[in-house]
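Chain letters run A, B, ... following the sequence lines, proteins first, then strands; residues in each count from 1. Predicted model only: the values in this text are computed from it and were never measured.
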Amino acid sequence: MRRPNFLYMILALGFAFLYVPILLLVIYSFNASRLVTLWGGFSTQWYASLLGNQQLLSAAWLSLQIAALSATGATVLGTMAGMVMARFGRFRGRAIVGALVTAPLVMPEVITGLSLLLLFVSLEDLIGWPEGRGMTTITLAHVTFTMAFVAVIVQSRMASLDESIEEAAMDLGARPAKVFFVITLPIIAPAVVSGWLLAFTLSLDDVVISNFVSGPGATPLPIEIFSSIRLGVTPEINALATIIVGLVSAGILAAGLWSARQERQRRRDEQLARQGAGELMPISSPPQDAPPH
Amino acid sequence: MIQASPPPAAKPAAATPVAAPPTLAARGGFQRALRHRLLPRGRSLVTVVPVFWLLLFFLVPFGIVLKISLSEAAIAMPPYEPLFAWAENVLTLRLNLGNYLFMLEDSLYAVAYLNSLKIAALSTLMCLLLGYPMAYAIARAAPEWRSPLLMLVILPFWTSFLIRVYAWIGILKQEGLLNQFLLWLGVIDAPLHILYSETAVYIGIVYSYLPFMILPLYATLEKLDLTLLEAAADLGARPWKAFVSVTLPLSLPGVIAGSLLVFIPAVGEFVIPSLLGGPDALMIGTVLWNEFSANRDWPVASAVAIALLLLLVVPIMIFQHQQGKQQAAEARR
């Protein structure tokens, strides 16, 4: 067949397009030459000079704190929003809630950033809070724009979840909160975790919104990188980029392996449960098959 | 698919020939009643918290942007005049349309808007032309290959956007890797001027947003019923004809969703034109930022934002409508 070959060629080209730039970036972070694009031999000097760059390190630490805080907030709010959209059926205003939850996904960041900044300034004018711009305002802004991503991930997981398990727990007398923490949350945990990770990386990566809502006292890492890139390309940034890419890939890989293991465990549990049920209950009809996923 | 079938958990109880003891049934009934009374309260709390957050931090700010776009700039902190004034028992409301008139008069804004639309539309088209065959190839790959291939599409999206844009600077520079490579191949005699031009902006946008195009396309192509294509082939359609009259129309929701996911953020893009673009690649996101930070003219920046929002309202509504339809379809199944 000729057509599939042509398709796979485009696929390979597309992946090359996606990965070659990152690969080159990593290779040139080990370049001895200061000229980023001229190979001058292998060296790790840029990593060493990165460790001595106090400004970048403190920016990185600030960014990590903001990312952890905002990802946690966004996961709590986004999981709630995802549940509302997936489970609560048709209630009045559902369309409006759905639109409100997904709108931040497609809103251009310059608009979100400007509007949040103006909100913070007006609030400070009105009630004296938040005082100035800094970590608090960045965290609040990041929660707002990342919770939509968590909501969408959780919603799609819950849509494919067998509701009867929760109903069974409720029929056995569990309160809704208990049902959520004992039944629902463990099942949707992979989605919640990947939502948290996505919110974390989005926060760690955000330039535009942070640009608006950060203050002189608090410069997160992306802003620091952004301004140094505008001054010129340095191998130090390549080294930093390599570290970030390495950490993110390791995180994604770990999360992927974890969720694959969760999935296998779940399947095994289900199988065991079915076998156990078959042994305990000598019913004439064959045990019910797994829901058609 | 699950909702349509009766809940399996309810089955054994209904099928048991022996009636449950009456006390137990009564208890169950009581608990069910209790659950129905408790649930709405829990539900409304779960609904209210995120909705309140979004109202406060997403919807109200738009009102403020609209308000400030109608006020006058001032040398103060915050740098604009209040809209309402209360003096001698008279409440005055001053609506200043000057910022919008200013945008109409100065051709810079119109040029930036049109340029943004053009760059976003062409980048979307390029993403579609590259993303569609990729999504198609992944959807038609052997099942065990699909997840890893999809992971490869998503992975760059997880690594830093800023760093991926930065990577292109070293490639596209005058003495960059692409020029070195092309000179070495002998394709060109003199280095091309790519960085700090509109071409670099196109490359940057297509590169950054390609995953957003592939994912929704894959989602629709993967669900495609292959027997339809077989039927088309049986009826004598050539593969190309079958593609145009069967596959393409059925994947249209994915095409629309992917295109909007690329187009909408690309119109307001700020990082890519400021890092890769030159003076000819004027985009509205950078104009807004310059009004805000360099000129410190918050009212004009707000007016630019409102105009940008008006420009994007139709595509955003189409996207929302599309998502709503899809959710409804999923709920029905």
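Of the listed residues A/I237, A/T112, A/I225, the one with more heavy-atom pairs under 4.5 angstrom with chain B than any other is A/I237. The most heavy-atom pairs under 4.5 Å with chain B, out of A/A177, A/S249, A/P21, come from A/P21. Interface check for chain B: of the options A/V245, A/V208, A/L247, A/L114, the most heavy-atom pairs under 4.5 Å are formed by A/L114. Top candidate by heavy-atom pairs under 4.5 Å with chain B, chosen from A/T79, A/L116, A/V20, A/L198, is A/L198. Among B/W289, B/F270, B/W168, B/F62, the residue making the largest number of heavy-atom pairs under 4.5 Å with chain A is B/W289. Here B/L162 is the residue among B/I264, B/V65, B/L162 with the most heavy-atom pairs under 4.5 Å with chain A. Of the residues considered (A/L118, A/I10, A/I244, A/L25), A/L118 shows the highest number of contacts with chain B, using heavy-atom pairs under 4.5 Å. Options A/V248, A/V143, A/L18, A/I22 differ in how many heavy-atom pairs under 4.5 Å they form with chain B, and the most are formed by A/L18. When each of B/F319, B/F292, B/Y207 is scored by its heavy-atom pairs under 4.5 Å with chain A, the top score falls to B/Y207.
In this structure, B/V165 and B/S208 have side chains that are in contact, with non-hydrogen atoms separated by less than 4.5 Å. With contacts defined as side-chain heavy-atom distances shorter than 4.5 Å, the pair B/P191/B/E175 does not qualify. Between B/S71 and B/P299 there is a side-chain heavy-atom pair separated by less than 4.5 Å. With a 4.5 Å cut-off on side-chain heavy atoms, B/I154 and B/P211 do not count as touching. Side-chain contact check for A/N31 versus A/P235: every heavy-atom pair is 4.5 Å or farther apart.
Heavy atoms of other residues, nucleotides or ligands lying less than 6.0 angstrom from CE of B/M317 number 12 at most. In A/I96, the CD1 atom is not crowded: 12 or fewer heavy atoms of neighbouring residues, nucleotides or ligands sit closer than 6.0 Å. Counting non-hydrogen atoms of neighbouring residues, nucleotides and ligands closer than 6.0 angstrom, the CZ atom of B/F181 reaches no more than 12 such neighbours.
Contact annotation for B/V153: both backbone and side-chain heavy atoms come within less than 4.5 Å of a heavy atom of chain A. For A/L140, the parts lying near chain B are the backbone and the side chain together; criterion is any non-hydrogen pair under 4.5 Å. Contact of B/A266 with chain A is not made at all, since no heavy-atom distance falls under 4.5 Å. Looking at A/A148, neither its backbone nor its side chain comes within 4.5 Å of chain B, counting heavy atoms on both sides. In this structure, chain A has heavy atoms under 4.5 Å from both the backbone and the side chain of B/L130. Residue A/F180: no heavy atom, backbone or side chain, is found under 4.5 Å from chain B. Looking at B/L309, both its backbone and its side chain come within 4.5 Å of chain A, counting heavy atoms on both sides. Heavy-atom distances place no part of A/L204 under 4.5 Å from chain B, backbone and side chain included. Only the side chain of B/L59 comes within contact range of chain A, with at least one heavy atom under 4.5 Å from a heavy atom of that chain. Heavy atoms closer than 4.5 Å to chain B are found in the side chain of A/L24, but not in its backbone. Contacts between B/S274 and chain A at a heavy-atom distance below 4.5 Å involve backbone atoms as well as side-chain atoms. Proximity to chain B is absent for every atom of A/L123, based on heavy atoms less than 4.5 angstrom apart. Within the 4.5 angstrom heavy-atom criterion, atoms from both the backbone and the side chain of A/V101 approach chain B. Both the backbone and the side chain of B/L152 come within contact range of chain A, each with at least one heavy atom under 4.5 Å from a heavy atom of that chain. For a residue to count as touching a neighbouring chain, one of its non-hydrogen atoms must lie under 4.5 Å from one of that chain's; by this rule A/V106 touches chain B with backbone and side chain alike. Neither the backbone nor the side chain of A/D206 comes within contact range of chain B; no heavy atom of the residue lies under 4.5 Å from a heavy atom of that chain. For chain A, the nearby parts of B/F161 are the backbone and the side chain; heavy atoms of each come within less than 4.5 Å. For A/F212, the parts lying near chain B are the backbone and the side chain together; criterion is any non-hydrogen pair under 4.5 Å.
Atoms CG and CD, from A/L172 and A/E167 in turn, are 12.0 Å apart once rounded to the nearest 0.5 Å. To the nearest 0.5 Å, atoms CZ (B/F57) and OG (A/S115) are separated by 11.5 Å. Rounded to the nearest 0.5 angstrom, A/Y28 OH and A/N238 CG are separated by 10.5 Å.
Cation-pi check for B/R140 over B/Y136 is met; the charged atom lies under 6.0 angstrom from the ring centroid and within 45 degrees of its normal.
Looking at A/E224, its side chain never comes within 3.5 Å of a backbone N or O of A/F226 through a donor-acceptor pair.
Neither side chain, B/S302 nor B/S69, offers a donor N or O lying under 3.5 Å from an acceptor on the other.
Note: A/F15 and A/Y8 fail the aromatic proximity criterion, with ring centroids not under 6.0 Å apart.
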Checklist entry - Can you list the steps and then say if A/D205 with A/T201 is a side chain to side chain donor-acceptor pair (under 3.5 Å)? => result CA-CA 6 Å; A/D205 194 28; A/T201 49; over 6 Å; no

